[in-house]
2 protein chains.
Amino acid sequence: MSEKFQRDLLRGSLDLMVLSVVAGEPQYGYLIQKRINLASDGQVKLPAGTLYPLLHRLESEKLIRSKWDSSTGRKRKWYEITAKGKKRLTVQVNQWNQYAECVSSLIGGLTS
Amino acid sequence: MSEKFQRDLLRGSLDLMVLSVVAGEPQYGYLIQKRINLASDGQVKLPAGTLYPLLHRLESEKLIRSKWDSSTGRKRKWYEITAKGKKRLTVQVNQWNQYAECVSSLIGGLTS
DNA sequence: CACCTATATATCGTCCGGCTATACATAGAG
DNA sequence: CTCTATGTATAGCCGGACGATATATAGGTG
């Protein structure tokens, strides 16, 4: 029940979250997973079955690009954001802010 | 493209928005649609094909209840929130606030 | 050695739900 | 009489999050 809520919340903001993590510096999947979990205080547990297909999708949309590399330890697929990805991120951040404001105004004083 | 983003954003927050609108005073579908559109400054255009199935779902979950009434003009289906709906609303408002804070922290200074 | 856990990526199938398209009905304006 | 706004409803499509599952390796423990 409560889990389902988070699942749906993710749908609109997951691209945004992953893009913003990758935008900082190159990341690989498992690290992104940990970063988001940490940043959310353990609230957002991003399953591998969600994360990897998502990364593939973002790459197919040319928002990120990848290369395999073993020189920093284990064999990992590193992702970095593209110029197109940066543009998209900017747009989505603005949309998120507007949207969040709209929801806040609707729920009004109900915050408890 | 941009529309798709809003579509997914809705998934996690639409129940919440509709419940919070109905929580104020009894509403009928078409009015809810207008209220949300207005509150979002025209950004959220809730299609009828989204709204009515949603209302049916909320009613089947006993979060709202309905009755037909013509005394205030045209024949309309009025919805009011139930006790169960109020409880759910409280929970979802809290979840939304936590989640929004999490996303904000991830996107950090990127706000433009 | 065997076993276990953490690390690391990948894919299949299911399920959910928002949206387009379509339908139907009435009130008011032109 | 037509056109637009109002008002509700449903069928079917489709994208995407997720559980389950698979595979591989590094490091620690008994």
Side-chain angles (χ1 to χ4, degrees), chain A residues 1-19 26-38 40 43-61 63-64 66-79 92 99, chain B residues 1-19 26-38 40 43-61 63-64 66-79 92 99:
Chain A
M1 186 71 80
S2 183
E3 287 76 17
K4 195 173 74 59
F5 188 70
Q6 192 202 57
R7 176 192 194 125
D8 287 336
L9 272 185
L10 282 175
R11 284 191 85 116
S13 49
L14 197 43
D15 288 22
L16 170 61
M17 285 195 286
V18 169
L19 279 178
Q27 306 276 338
Y28 56 93
Y30 194 78
L31 190 55
I32 295 171
Q33 203 178 28
K34 297 292 168 199
R35 292 274 170 109
I36 289 182
N37 182 253
L38 194 68
S40 69
Q43 281 185 61
V44 181
K45 299 197 191 299
L46 195 51
T50 296
L51 178 61
Y52 293 106
L54 166 64
L55 288 171
H56 300 332
R57 182 170 56 80
L58 291 179
E59 187 171 21
S60 79
E61 291 181 51
L63 302 174
I64 55 178
S66 71
K67 69 169 189 280
W68 285 96
D69 189 291
S70 307
S71 63
T72 54
R74 308 183 47 148
K75 199 180 161 213
R76 297 173 179 122
K77 196 169 180 179
W78 292 83
Y79 290 95
Q92 293 201 344
Y99 191 78
Chain B
M1 187 71 80
S2 181
E3 288 76 17
K4 195 171 75 61
F5 187 69
Q6 190 202 64
R7 177 193 193 126
D8 288 334
L9 272 184
L10 283 174
R11 283 190 85 115
S13 48
L14 197 44
D15 289 21
L16 169 61
M17 286 195 287
V18 169
L19 280 178
Q27 307 276 337
Y28 56 93
Y30 195 77
L31 191 55
I32 295 171
Q33 202 178 28
K34 298 292 168 197
R35 291 273 169 109
I36 290 182
N37 182 252
L38 194 69
S40 69
Q43 281 184 61
V44 181
K45 300 197 189 299
L46 195 52
T50 298
L51 178 61
Y52 294 105
L54 166 64
L55 288 171
H56 301 334
R57 182 168 56 80
L58 291 179
E59 187 171 21
S60 78
E61 290 180 54
L63 302 173
I64 56 179
S66 70
K67 68 168 187 281
W68 285 96
D69 188 291
S70 309
S71 63
T72 55
R74 307 182 47 148
K75 201 181 158 212
R76 299 174 180 119
K77 198 169 181 180
W78 292 83
Y79 290 94
Q92 293 201 346
Y99 191 78

Answer yes or no: side-chain N or O of B:Arg11 and base N or O of C:dC16 forming a donor-acceptor pair under 3.5 Å.
-> yes

Determine whether any donor atom in the side chain of A:Arg7 lies under 3.5 Å from an acceptor atom in the base of D:dA17, or the reverse, and answer yes or no.
-> yes

For a quick test of reading the model: is some side-chain N or O of [X] closer than 4.0 Å to OP1 or OP2 of [N]?
{"X": "A:Lys75", "N": "D:dA26", "value": "no"}
{"X": "B:His56", "N": "D:dT10", "value": "yes"}
{"X": "B:Lys77", "N": "D:dA9", "value": "yes"}
{"X": "B:Tyr28", "N": "D:dG7", "value": "yes"}

Take the protein atom [atom1] of [X] and the nucleotide atom [atom2] of [N], then report the distance between them rounded to whole Å.
{"X": "A:Glu61", "N": "D:dG15", "atom1": "CD", "atom2": "P", "answer": "11 Å"}
{"X": "A:Lys34", "N": "C:dA8", "atom1": "NZ", "atom2": "C1'", "answer": "11 Å"}
{"X": "B:Glu59", "N": "D:dT10", "atom1": "CD", "atom2": "P", "answer": "11 Å"}
{"X": "B:Tyr52", "N": "C:dT20", "atom1": "OH", "atom2": "C1'", "answer": "16 Å"}
{"X": "A:Gln33", "N": "C:dT9", "atom1": "CD", "atom2": "P", "answer": "9 Å"}

Interatomic distance, CG@A:Leu9 vs CG@B:Asp8, rounded to 0.5 Å, equals 12.0 Å

Would you say the side chain of A:Gln43 lies within less than 4.5 Å of the side chain of B:Tyr99, judging by non-hydrogen atoms?
-> no

Polar side-chain atom of B:Thr50 near backbone of B:Leu46 as donor-acceptor pair, under 3.5 Å = no

Sequence neighbours excluded, the answer for side-chain hydrogen bond (donor to acceptor under 3.5 Å, both in side chains) partners of A:Arg35 is none

What nucleic acid atoms does A:Trp68 come within less than 4.0 Å of, heavy atoms only: base, sugar-phosphate, or nothing?
-> sugar-phosphate

